[in-house]
Amino acid sequence: MDALRALEDVRRAVDAGVRGFILHDEGLLSILARLRTAGRLPADTHLKISAQCGLGNGAAAQVLEWLGADSLNPVRDLTPPITAALRQSVRIPLDVHVDNTKTSGGFIRTYEAPEFVRVVSPVYLKTGSSALAGHSTRATQEQTEGKLRQMEITVEFMARHHPQARQSPAEALAGSGATPPSAGAPTMP
């Protein structure tokens, strides 16, 4: 029943123009990826794995890529060497938190951002959350200013400690997700 409700939510969101979904369930990922492959979801639908999924090792990352994930959020407190090992396991982008909300530990790892870029690229750096009280909360003006300041600090650290790093153009990452196997895969209704 929950999967059916999730599918209905995704269909409604797609009808409204949404093309990206953060998922924490491998089964739903598998279904949505197969629907995308079958043309029942738009080809440009991005399926991102949430840090809430608990991804912390290369074998699990490979399974999620095989199932159709376009990018992965590993657990928030992995070290650069462990995150680099994840990178060696998959070809899709990783999303790395360089700071976090108070309710999820409140850590700030801005000083590690340049190292993450060196060892994990392609990578999306997730920053600004340390200004928030918690996830899924509406930011106040003060919190929004704090998020922007944390983003500025991250950009400053990158310029100072890894000046050769460049943001990839959006088209460079388009279509970088693995295609789930279609031979022998169950058909979707």
Side-chain angles (χ1 to χ4, degrees), residues 6 9-10 12-14 16-25 28-29 44-57 60-61 64 69-87 90 92-174 176-177:
D9 284 346
V10 167
R12 289 182 65 222
V14 165
V18 174
R19 292 297 181 267
F21 299 92
I22 300 174
L23 309 169
H24 60 84
D25 180 81
L28 183 58
L29 167 64
D44 63 343
T45 301
H46 188 90
L47 304 174
K48 175 188 295 289
I49 295 301
S50 169
Q52 302 301 328
C53 198
L55 173 63
N57 67 72
L64 293 167
D70 296 304
S71 61
L72 305 170
N73 281 301
V75 293
R76 293 173 170 90
D77 60 352
L78 296 182
T79 63
I82 293 173
T83 310
L86 281 176
R87 160 53 51 229
V90 295
I92 58 178
L94 300 178
D95 293 39
V96 175
H97 293 259
V98 293
D99 66 276
N100 212 3
T101 66
K102 292 166 185 60
T103 58
S104 294
F107 57 80
I108 298 175
R109 305 170 69 185
T110 307
Y111 56 89
E112 291 181 298
E115 185 62 12
F116 279 122
V117 170
R118 273 194 270 287
V119 301
V120 184
S121 290
V123 61
Y124 298 109
L125 295 179
K126 299 185 83 163
T127 186
S129 295
S130 60
L132 301 175
H135 294 285
S136 301
T137 59
R138 185 177 182 134
T140 64
Q141 180 65 34
E142 181 180 342
Q143 290 170 331
T144 300
E145 291 170 7
K147 285 182 71 157
L148 293 171
R149 179 67 186 133
Q150 188 59 38
M151 291 175 202
E152 290 171 344
I153 291 168
T154 302
V155 169
E156 177 185 322
F157 266 73
M158 289 302 302
R160 185 181 311 147
H161 299 290
H162 193 13
Q164 64 275 29
R166 296 290 177 266
Q167 182 174 339
S168 300
E171 61 273 4
L173 296 174
S176 64

Problem - Residue pairs, two or more places apart or on separate chains, that pass ring-ring contact (aromatic ring centres under 6.0 Å, His included) and touch residues 146-166 - result: Phe157-His161
Exercise for the section: Begin with the C-alpha distance, continue with both residues' side-chain angles, and end with the deciding distance and a verdict on side chain to side chain contact (heavy atoms under 4.5 Å, CB included) for Leu125 and Met158. Expected result: CA-CA 11 Å; Leu125 295 179; Met158 289 302 302; 4.2 Å; yes
Specify the closest pair of heavy atoms between [X] and [Y], including all atoms of both residues, with the distance to one decimal.
| X | Y | answer |
| --- | --- | --- |
| Leu28 | Asp25 | N-OD2, 2.6 Å |
| Pro74 | Leu72 | CD-O, 3.3 Å |
| Ala69 | Ile92 | O-CD1, 3.3 Å |
| Leu86 | Ala61 | CD2-CB, 4.0 Å |

Practice task
Please examine the side chains of Pro122 and Arg87, heavy atoms only from C-beta on, and report whether any two atoms are closer than 4.5 Å.
Solution key: yes
Practice task
State, yes or no, whether a side-chain contact exists between Phe21 and Val14 at a heavy-atom distance under 4.5 Å.
Solution key: yes
Donor-acceptor pairs under 3.5 angstrom involving side-chain atoms of residues 75-85: please list them, not counting sequence neighbours.
residue: Arg76; atom: NE; partner: Asn100; partner atom: OD1; Å: 3.2
residue: Thr79; atom: OG1; partner: Ile82; partner atom: N; Å: 3.3
residue: Thr83; atom: OG1; partner: Thr79; partner atom: O; Å: 2.9

For residues 45-55, please give each side-chain donor-acceptor pair under 3.5 Å, one per line with the distance, not counting sequence neighbours.
residue: Thr45; atom: OG1; partner: Pro42; partner atom: O; Å: 2.8
residue: His46; atom: NE2; partner: Ser71; partner atom: OG; Å: 2.9
residue: Lys48; atom: NZ; partner: Ser71; partner atom: OG; Å: 3.2
residue: Lys48; atom: NZ; partner: Asp95; partner atom: OD1; Å: 3.4
residue: Lys48; atom: NZ; partner: Asp95; partner atom: OD2; Å: 2.5
residue: Ser50; atom: OG; partner: Gln52; partner atom: N; Å: 2.9

Fill in the blank from the handout: Rounded to the nearest 0.5 angstrom, the CZ-OG1 distance for Phe116 and Thr110 is 11.0 Å
Exercise for the section: Could you tell me whether Arg160 atom CZ has more than 12 heavy atoms of other residues or ligands within 6.0 Å of it? Expected result: yes
Practice task
With sequence neighbours excluded, give me every salt bridge (Lys or Arg N to Asp or Glu O under 4.0 Å) pair touching residues 132-151.
Solution key: Arg149-Glu152
Completion exercise
Quick note, salt bridge (Lys or Arg N to Asp or Glu O under 4.0 Å) partners involving residues 115-133, not counting sequence neighbours, are Glu115-Arg118
Handout entry: Residues which pass side chain to side chain contact (heavy atoms under 4.5 Å, CB included) with Thr127, listed by chain and number, not counting sequence neighbours
Key = Val98, Asp99, Gln150, Met151, Thr154
